[in-house]
> 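Below is the structure I would like to discuss, written out as structure tokens.
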Amino acid sequence: MRKYWQVFRISLADRFVYRTDFLIGTFLRFAPIVTTIALWRAVYAGAGREEIGDLHYGEMVSYYLIVMISRAFGSMPGLASTLASDIRDGNLRKFIVQPLNYVIYHLHLRMAHKSVYFVMAALPYALVFYWCRSFLPGWPAGELWPLCILSLVLSFFLGFMINMAIGLLSFWFMEVTSFMFIFMVSQYFLSGHQFPLTLLPDWLERSVTLLPFAYETFFPVMMLMGKMNAAEAGQVIAGQCLWIAILSGVVAFGWRRGLRRYAAFGG
Amino acid sequence: MTSVLGRYSRILLCFARNGLVRELSFRVNFLVTVVSEILWLGMMLVFVQVIFRFTRQIDGWSNHEYLFLLGTHFLISSIFEAFFFDNLQRISAQIRTGDLDFVLLKPANTQFLLSLERISYTAIANIPLGVILCVYSFSKLDVPLTFQHVSMFLILVCSGVMTLYSLMFMFSATSVWLIRQTSASHFWFYLTSCSKYPAEIYKPMVRGVLWFALTFVFPVLIVANLPANVMVRVFEPYLVAYALFIAVGLLLFSSFVFNWAMRKYRSASS
């Protein structure tokens, strides 16, 4: 366990190097929120109705704001492509010869990234949420608190496993970066990042929420918005656990099969 | 003068040939990238149709008018991505690693070399997608098709590309001061996520200040909105003059900013 703690610490230090860049980047990340507020105001005005897809205007804007929180947990920028390039360039060799599990190594790396991210992003997030407080629905009900936090933590693991699984495809296909773009685009929409899935026609919403992506963003966000009772929230948690279990199985299996094919290119 | 032009067009031709060779060595990649762009556009269309399930107009833009705007946006950003995006994205790395030295040493205009070295044929393949969306939505609208409209539209598309190019080029040039800044692709994402909607939606924000800033100070809103307006909504000749003025002005300004940044450039490594 000590070695993974070291991985965590080194990565932590590495992240603090580019502070200014980070702060600017975090504020920029909220820039699309401005467009969201503007666009949905126009849509609600044009539609002339109070609710669209069970959400009124303030809730719609909050949805996009809370998506940012959920993404802060679940998004894994560059994970799949790091794995892909390690496999393609033969870099993986370096890890295989060490008494270290590559997947668990990356899990710790990501936990360090996220820890730094939460510390440094806390201020910008707090400011943006403070400015937008008139839209927000208020804190989740007391008994839902633990479930909300648990569900965010689970989106971290779910996001990690989904990206790992995609990255592992590199064992079988030489050039997966373009597949990754397809995957990212699908994830962007299917997870409810682009719009709340409740806006879809019922049959489509039902089919899309069968996929793991909705458990990464859409369901946790609806929970945080207080749109669920304890029983529904429990179902979401169960669904997240189920998908994490399935995907961990896929990753473990794919990793073993992949290593057998692995040729360690480069010298 | 002609010899200068001849020299630069020969360089450009050489870049184009190199790009083609590179593209042809990754054929599957080409295909997959085109498919993913189609998917991206398709998803955007789904989003638009989802919105128009609930409303008939967004600040005066009907469904098909908005689709025309989206098509115009896609057309302009594909042209930009085809010729400039890959290049501008690499500039900050070139500055950080000191590879810029090799470009500075070459006996040709640095901005030219930096901006056009790699042509992306994949993005060129996306241009027809934008055209198809424009033609389709135009056919659904009851507006006259005249030579004047189309030529103004094309001029505005070009000036839109120039405007985008200048903004992105300036952004890349600032890497001299901000080593490892937020990557150009993120900046591009924010830019386009702002400019692909009707400009009118920003008017009620902060008492119109935001709309004013995004139209006149940091003019991303005119990029796709102006050509689409001219073609399917209102035809205002002065808008064309304004767009051209902005595009040329920004281009000159970007070159000024770049040269200024170059004075601060200190190479890296050995």
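Every chain is numbered from 1 and lettered A, B, ... according to where its sequence line falls, protein lines coming before strand lines. These numbers were taken from a predicted model, which means no experiment stands behind them.
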> Of the backbone (N, CA, C, O) and the side chain (C-beta and beyond), which part of Ser186(A) lies under 4.5 Å from a heavy atom of chain B, both, or neither?
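Interface part for Ser186(A): both.
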> Go through the atoms of Leu210(B) and report whether side chain, backbone, both or neither lie under 4.5 Å from a heavy atom of chain A.
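Looking at Leu210(B), just its side chain touches chain A.
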> Can you find a heavy atom in the side chain of Phe181(A) that is under 4.5 Å from one in the side chain of Val32(B)?
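No, side chains not in contact.
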> Would Tyr197(B) and Thr35(A) satisfy side chain to side chain contact (heavy atoms under 4.5 Å, CB included), going step by step from the backbone distance to the final call?
CA-CA 8 Å; Tyr197(B) 297 106; Thr35(A) 303; 3.3 Å; yes
> Val50(B) versus chain A, heavy atoms under 4.5 Å apart: side chain, backbone, both or neither?
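Contact with chain A involves the side chain of Val50(B) alone.
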> Is any side-chain heavy atom of Arg41(A) less than 4.5 Å from a side-chain heavy atom of Asp59(B)?
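The answer is yes, as the side chains (C-beta and beyond) meet within the 4.5 Å cut-off.
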> Pick whichever of Glu200(B), Arg56(B), Gln57(B) has the most heavy-atom pairs under 4.5 Å with chain A.
Gln57(B)
> Atom CE of Met180(A) and atom OG of Ser36(B): how far apart are they, to the nearest 0.5 Å?
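One gets 12.5 Å once the value is rounded to the nearest 0.5 Å.
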> Tell me, side chain or backbone of Phe52(B) under 4.5 Å from chain A's heavy atoms, or both, or neither?
neither
> Is it the case that over 12 heavy atoms from other parts of the model lie below 6.0 angstrom from the CZ atom of Phe253(B)?
no
> Can you tell me which of Ala38(A), Gly46(A), Ala31(A) forms the most heavy-atom pairs within a distance under 4.5 Å of chain B?
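Among the listed options, the one with the most contacts to chain B is Ala38(A).
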> Is there side-chain contact between Ile51(B) and Leu199(A), with at least one heavy-atom pair below 4.5 Å?
no
> Shortest non-hydrogen contact from Phe54(B) to Ala47(A)?
O-CB, 3.2 Å
> How far does CZ of Phe189(A) sit from CG of Leu39(B), to the nearest 0.5 angstrom?
8.0 Å
> Given the rule in the side chain to side chain contact (heavy atoms under 4.5 Å, CB included) test, do Tyr188(A) and Met43(B) qualify, once you have shown the distances and angles that lead to the verdict?
CA-CA 9 Å; Tyr188(A) 191 73; Met43(B) 293 288 196; over 6 Å; no
> If only side-chain N and O atoms count, and only distance matters, is there a donor-acceptor pair under 3.5 Å linking Tyr44(A) with Thr55(B)?
no
> Any non-hydrogen side-chain atom of Arg53(B) less than 4.5 Å from a side-chain atom of Pro201(A)?
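Answer yes - side chains close enough.
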> Could you state the interatomic distance from CG (Leu39(A)) to OH (Tyr202(B)), rounded to the nearest 0.5 Å?
8.0 Å
